[in-house]
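Each chain gets a letter, A, B and so on, in the order its sequence line appears, and its residues count up from 1. Since we're looking at a predicted model, the values are computed, not measured.
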Number of protein chains: 2
Amino acid sequence: MSLPTNEYIPHISYDSVIFGFSGEKLKILILEYHNMKTYALPGGFVKMDEPLDDAVKRGLSERTGLDKIYLEQFHTFGSMQRFKPEIMRRILEEQGHQVEDHWMLGRFITVGYYALINYESVIPTPDALSDSIDWYDYDQLPELMMDHRELVEKALEHLRIHLDHKLLSFNLLPDKFTMKELQQVYEAILGEELNRANFQRKMLSLGILQRHDKLYTGGSHKAPYLYSFKKN
Amino acid sequence: MSLPTNEYIPHISYDSVIFGFSGEKLKILILEYHNMKTYALPGGFVKMDEPLDDAVKRGLSERTGLDKIYLEQFHTFGSMQRFKPEIMRRILEEQGHQVEDHWMLGRFITVGYYALINYESVIPTPDALSDSIDWYDYDQLPELMMDHRELVEKALEHLRIHLDHKLLSFNLLPDKFTMKELQQVYEAILGEELNRANFQRKMLSLGILQRHDKLYTGGSHKAPYLYSFKKN
DNA sequence: TCAAAAGTGTTCCCTGTACACCCATGG
DNA sequence: CCATGGGTGTACAGGGAACACTTTTGA
């Protein structure tokens, strides 16, 4: 595996907050650098003649194996607090790379994106600099490098604002799901409990849900309907 | 006057949509390049060791003479459609600059900001590359270079969404104003008419307006109260 | 027949909207 | 005393929140 070379634009990067949902919990993909106990958001660089959005899609496909990903830009971070060349130097040295004047040691302005993906369909894949990439519960994140924690919070803030407006939540679920699962996604994102009856009514009143056959789980209670999102 | 040198980060710029309000109209500061009939948003570059937000504030102060400006980042644009080196080449040549391999001819990713300022307190000041900077009505903008029209639309979109949420509108008005003026600002931004009675009630119910003495305009009707925003 | 969860119904309250009415002011 | 615009009152509709009731399922 090889490092990015200077076919990339210097001083510009992107970082992505990749949300998934499983076991009633909101989860985020976090990578760990080799032997470093240093945790970070998956990010990358933009090629000289590559559209910014394409660069992010490329990176996300490599990390998740997914092709069509719901992606939204939320903020660009350009403070000097985020300039910590020692950390990147240690990461590069650990890999045995020549580090003097390496372009990755420069000061970076990073564009933050968040993605919503279906937890089950992902195969997390590490990149050249990291030895692991895994899901972490939002409320049990490890300490993240630089300002990445701030990125997570700002991404979630944006997601909360746009949750109703753009009906994003279905990106986190499989094709068919129960009303309870949909409600759990909302609750995980919003961080609060919602009234079951009112939630059901509100979702149905939007007219974007397709009702399917009931799902018999074997539980000793009424079987719930399955729903999918209409694709018009 | 001198051009920016390479103490600036290459390939990164910012552009600002500066909103003002006068004569019931929403206005935007647009600059024109020397003898070019080319119109653009005021923008600039980031110094190597300068925080992004500071760079934008610096540029806006130079252009407007104002110090404390309400400023909000709204989106970062990184498509390849915005790479039009011929235009920048002509602008530089017109100024008699050496243009071969000039860093300003490279491909740029630009961070979009919008600002809200008090129309009356501004002294628009051109920069080295432009010979004029003036207010244009939002609904009578000239044709703008590259994707700057798209920036304007996206800025206004963000402003509309955050208008109520953050109570931004007072940045566009003088210290004291009438309820009618405030309503006109809202109507100019939202692009729709609002009910006078309900608008008044809603604003007052927010508890952020301080009522002052009445303003006698000499008009043959009831004199309106003046208001200011509470600063807590 | 019982508990648990799903589905639906009812009531209350708040907010936004539309419209009506009175008040101050200068001609 | 009239036209104009400012300030306030009222009545109605729609949506959210809280809660109750019924239905389905397996044990």
Side-chain angles (χ1 to χ4, degrees), chain A residues 21 23-25 160-167 169-170 173-174 176-230, chain B residues 23-24 160-167 169-170 173-174 176-230:
Chain A
F21 177 78
E24 307 180 29
K25 293 276 192 177
R160 283 177 177 156
I161 291 171
H162 295 137
L163 186 59
D164 272 346
H165 193 54
K166 301 193 179 180
L167 302 161
S169 44
F170 70 95
L173 289 169
K176 292 188 179 180
F177 48 86
T178 65
M179 191 59 78
K180 184 184 182 73
E181 288 174 320
L182 183 59
Q183 183 174 347
Q184 285 174 335
V185 168
Y186 266 73
E187 290 178 337
I189 293 173
L190 297 175
E192 61 180 336
E193 296 192 351
L194 301 172
N195 180 287
R196 185 178 58 87
N198 297 330
F199 182 83
Q200 166 121 344
R201 230 189 321 273
K202 184 180 170 185
M203 287 300 122
L204 292 179
S205 74
L206 295 174
I208 52 162
L209 291 181
Q210 178 82 40
R211 183 175 274 185
H212 300 280
D213 290 342
K214 292 194 174 191
L215 171 69
Y216 289 83
T217 58
S220 57
H221 53 79
K222 200 169 176 176
Y225 290 110
L226 282 179
Y227 294 90
S228 65
F229 280 89
K230 290 181 188 169
Chain B
E24 307 180 29
R160 282 176 177 157
I161 291 171
H162 295 135
L163 186 59
D164 272 346
H165 193 55
K166 301 193 178 179
L167 301 160
S169 43
F170 70 95
L173 290 169
K176 291 187 179 179
F177 48 86
T178 65
M179 191 59 77
K180 184 185 182 73
E181 288 174 319
L182 183 58
Q183 182 173 347
Q184 285 174 335
V185 168
Y186 266 73
E187 290 177 337
I189 293 173
L190 297 175
E192 61 181 336
E193 297 193 351
L194 302 172
N195 180 287
R196 185 177 59 88
N198 297 331
F199 182 82
Q200 167 121 341
R201 232 189 318 272
K202 184 180 171 184
M203 287 300 122
L204 292 179
S205 75
L206 296 173
I208 52 160
L209 291 180
Q210 177 82 41
R211 182 175 276 187
H212 301 279
D213 290 342
K214 291 193 173 189
L215 173 68
Y216 289 83
T217 58
S220 57
H221 52 79
K222 201 170 179 177
Y225 290 109
L226 282 179
Y227 295 90
S228 66
F229 281 89
K230 291 181 188 170

**Q.** Residue pairs, two or more places apart or on separate chains, that pass salt bridge (Lys or Arg N to Asp or Glu O under 4.0 Å) and touch residues 189-204 of chain B
**A.** B/Asp164-B/Lys202

Q | Qualifying salt bridge (Lys or Arg N to Asp or Glu O under 4.0 Å) pairs with a residue from residues 209-219 of chain B, counting only residues at least two apart or across chains | A | none

Specify the separation, in whole Å, of atom [atom1] of [X] and atom [atom2] of [N].
X	N	atom1	atom2	answer
A/Leu209	C/dG7	CG	P	12 Å
B/Leu182	D/dG5	CG	P	19 Å
A/Met179	D/dT24	CE	P	18 Å
A/Tyr227	C/dA6	OH	P	11 Å
B/Leu215	D/dG7	CG	C1'	15 Å
B/Lys202	D/dT8	NZ	C1'	19 Å
A/Lys180	C/dG7	NZ	C1'	13 Å
A/Phe199	C/dA5	CZ	P	18 Å

Q: Measure the shortest side-chain to side-chain distance between B/Leu182 and B/Met179 over non-hydrogen atoms and say whether it is less than 4.5 angstrom.
A: yes

Q | Those residues that, when tested against A/Gln183, pass side chain to side chain donor-acceptor pair (under 3.5 Å) (two or more places apart) | A | A/Glu187

Q. Could you write nucleotides 17-27 of chain C as a row of B, S and -, 5' to 3', where a protein heavy atom under 4.0 Å of any base atom gives B, of only sugar-phosphate atoms gives S, and otherwise -?
A. BBB---BBBB-

(Q) Please enumerate all residues that pass ring-ring contact (aromatic ring centres under 6.0 Å, His included) together with A/His212, with sequence neighbours excluded. (A) none

Q | Non-neighbouring partners of B/Phe229 that pass ring-ring contact (aromatic ring centres under 6.0 Å, His included), sequence neighbours left out | A | B/Phe170, B/Phe177

**Q.** Minimum heavy-atom distance between A/Met203 and A/Leu209, given as atom pair plus value
**A.** CB-CD1, 3.9 Å

Q: Let me know, please, whether B/Pro224 or A/Ser205 comes out on the 5' side of the other along DNA chain D by nearest nucleotide.
A: B/Pro224

Q) Choosing from C/dT8, D/dG16, D/dG7, which nucleotide comes nearest the side chain of A/Arg211? A) C/dT8

Q: Measure from the side-chain heavy atoms of A/Gln200 and tell me the nearest of D/dT8, C/dA6, C/dG7.
A: C/dG7

